[in-house]
Amino acid sequence: MWPDYRLINLFDIELPIIQAPMAGSAFSYLAVAVSEAGGLGSLACALLSVEQTRKELESIRRKTSHPINVNFFCHQQPSNDPARESIWRRRLDAYYIQLGVDANALVPTSTRAAFDDKMCDLVMEFHPEVVSFHFGLPDKNLLQRVRRAGAKIISSATSVDEACWLQDQGCDAIVAQGYEAGGHRGMFLTQEVSTQLGTMALVPQVVDAVKVPVIAAGGIADARGIAAAFALGAAGVLIGTAYMLCPEARISPLYRQALKDAKDNETAITNVFTGRPARGIVNRLMREVGPMSDVVPEFPLAAAALAPLRAKSESAGSGDFTPMWSGQAARLNRELPAAELTKQLAAETLEKLRLLGTNASPDVFAQAAALAAPSPATEDLSIPFPRTSEKRSRGPSG
Ligand SMILES: Cc1cc2nc3c(=O)[nH]c(=O)nc-3n(C[C@H](O)[C@H](O)[C@H](O)COP(=O)(O)O)c2cc1C
């Protein structure tokens with residue numbers, strides 16, 4: 001028995017576990033495996049062309065009849081800023097010289113595109129059961145079309161204000177994405193990362209502020225994390241990094257190895273790869289140019305100037321210029337097929353919840369009742385604030 005069935009019922013799934021959309025790393029194979037196992041698999045489309053997205057959706061619909069989530073970025077596309085671009089390229093000049101690459105070489109690379117009419121046409125055609133957005137929501141017309149296609153709509157919030165805004169715009173559920181999360185922060189009312197909340201603090205405050213189901217995300221990688229999310233009031237979890245070692249995740253051997261080696265304190269939030277803050281495994285570019293830089297072009301334009309550096313260093317087996325997004329809990333990852341991982345996470349969580357219930361000794365209920373009972377009137381126990389002279393007499397303070 002799950003402590004909360006709102007998400008399961010809303011999405012018509014069997015397990016309250018969503019595989020996070022992960023642009024560039026998670027495609028139809030991973031999504032199908034998770035959905036077939038009873039969770040909700042996600043296809044991230046931000047780095048896919050319309051044609052690639054169509055192929056992935058065709059493949060998903062061929063392989064599973066279970067519900068699926070299709071995910072899009074919805075940032076405002078910035079206009080080119082040649083002055084800023086040139087400052088950014090100058091900042092990278094030493095690397096172009098050191099690696100012997102032409103700074104202006106045209107390296108085939110995908111840019112992160114925002115949800116638009118053409119992608120919306122695909123939503124109308126393939127009718128995904130859930131559509132999720134990152135960086136807020138698209139404009140009202142697009143959103144209405146998605147709704148008319150019959151999809152449940154969700155998006156990420158990194159604060160109570162963002163969660164309330166998303167609820168007001170009609171989101172069916174909200175992902176509360178904590179600081180621990182891998183990849184881009186879904187933040188859209190601010191870009192200030194220094195005040196971003198951790199999952200433990202964010203989830204219950206969002207739960208208190210909205211009526212729709214809340215999905216906890218960020219640093220959740222095993223039964224302990226999932227059980228904790230329920231205790232915080234979430235109706236389910238969205239898990240990214242923990243799926244990255246599944247054979248179905250499409251990542252380079254270099255990235256896979258970095259994830260296997262990553263220790264708890266080896267990720268940081270950086271804007272140097274794209275222009276927006278995202279959490280990844282610390283590497284040379286992050287160390288030397290960031291992790292946060294104020295000369296980086298606006299999202300997603302920063303990536304273009306890095307493309308030749310990334311290509312050259314990857315061909316030499318180095319991840320110095322590669323974004324390797326990861327949450328803070330990579331160390332908990334298990335290398336298992338995605339369906340097996342999903343089922344194990346669910347089974348272990350149910351067992352964890354059962355143990356948490358039964359391990360409490362039988363008199364726990366009596367204890368809880370005693371604690372909840374109104375206490376008899378007590379004398380005033382508050383400690384008076386010390387007068388200045390008293391404070392001084394206590395000697396130097398820490
Ligand atoms: C490699 C990677 C790529 C990501 N790409 C996306 C994306 O395309 N869309 C999105 O909504 N979230 C994206 N995210 C963020 C996840 O949706 C989610 O918030 C995060 O993975 C949760 O934290 P965790 O990685 O600690 O589980 C990405 C995360 C990772 C690790």
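Just follow the structure's listing: the first ligand is 1, and inside any ligand the first atom is 1.
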Contact check: W325 vs ligand 1, nitrogen or oxygen atoms, below 3.5 angstrom: no

Contact with ligand 1 for F73, non-hydrogen, under 4.0 angstrom: yes

Salt-bridge contact R224-D222 (side-chain N to carboxylate O under 4.0 Å): yes

Within-shell test, G218 vs ligand 1, heavy atom, strictly < 4.0 Å: yes

Any N or O of H184 closer than 3.5 Å to N or O of ligand 1: no

Atom 21 (O) of ligand 1: nearest protein contact (heavy atom, Å): G240 CA, 3.5 Å

Whether over 12 other heavy atoms sit under 6.0 Å from F188 CZ: yes

Lys/Arg-Asp/Glu bridge criterion (N-O < 4.0 Å) met for E85, R89: yes

Ligand 1 N/O within reach of A23 N/O, cut-off under 3.5 Å: yes

Aromatic ring proximity F133/F115, centre distance under 6.0 Å: yes

R145/D117 salt bridge by N-O under 4.0 Å criterion: yes

Heavy atom of P21, distance to ligand 1 below 4.0 Å: yes

Which residue and heavy atom of the protein sit nearest atom 20 (C) of ligand 1, plus the separation: G182 O, 3.5 Å

Protein heavy atom at shortest distance from atom 16 (C) of ligand 1: A20 CB, 3.7 Å

Ligand 1 versus Q177: contacting region, heavy-atom distance under 4.0 Å: side chain

P247 side chain near E335 side chain, heavy-atom distance below 4.5 Å: no

Pairing of R276 and E298 as salt bridge, 4.0 angstrom limit: no

Atom indices of ligand 1 within 4.0 angstrom of A44 heavy atoms, with elements: 8 (O)

H184 side chain near R112 side chain, heavy-atom distance below 4.5 Å: yes

Working for side chain to side chain donor-acceptor pair (under 3.5 Å), residues T322 and E314: CA-CA 8 Å; T322 305; E314 281 182 4; 2.7 Å; yes

Heavy-atom gap Y255 to ligand 1 smaller than 4.0 Å: yes

Ligand 1 to S25 polar contact by distance, N or O atoms, under 3.5 Å: no

Per-residue contact class, T241 against ligand 1 - non-hydrogen pairs under 4.0 Å: both

Contact check, G219 vs ligand 1, heavy-atom distance below 4.0 Å: yes

Lys/Arg-Asp/Glu bridge criterion (N-O < 4.0 Å) met for R354, E351: yes

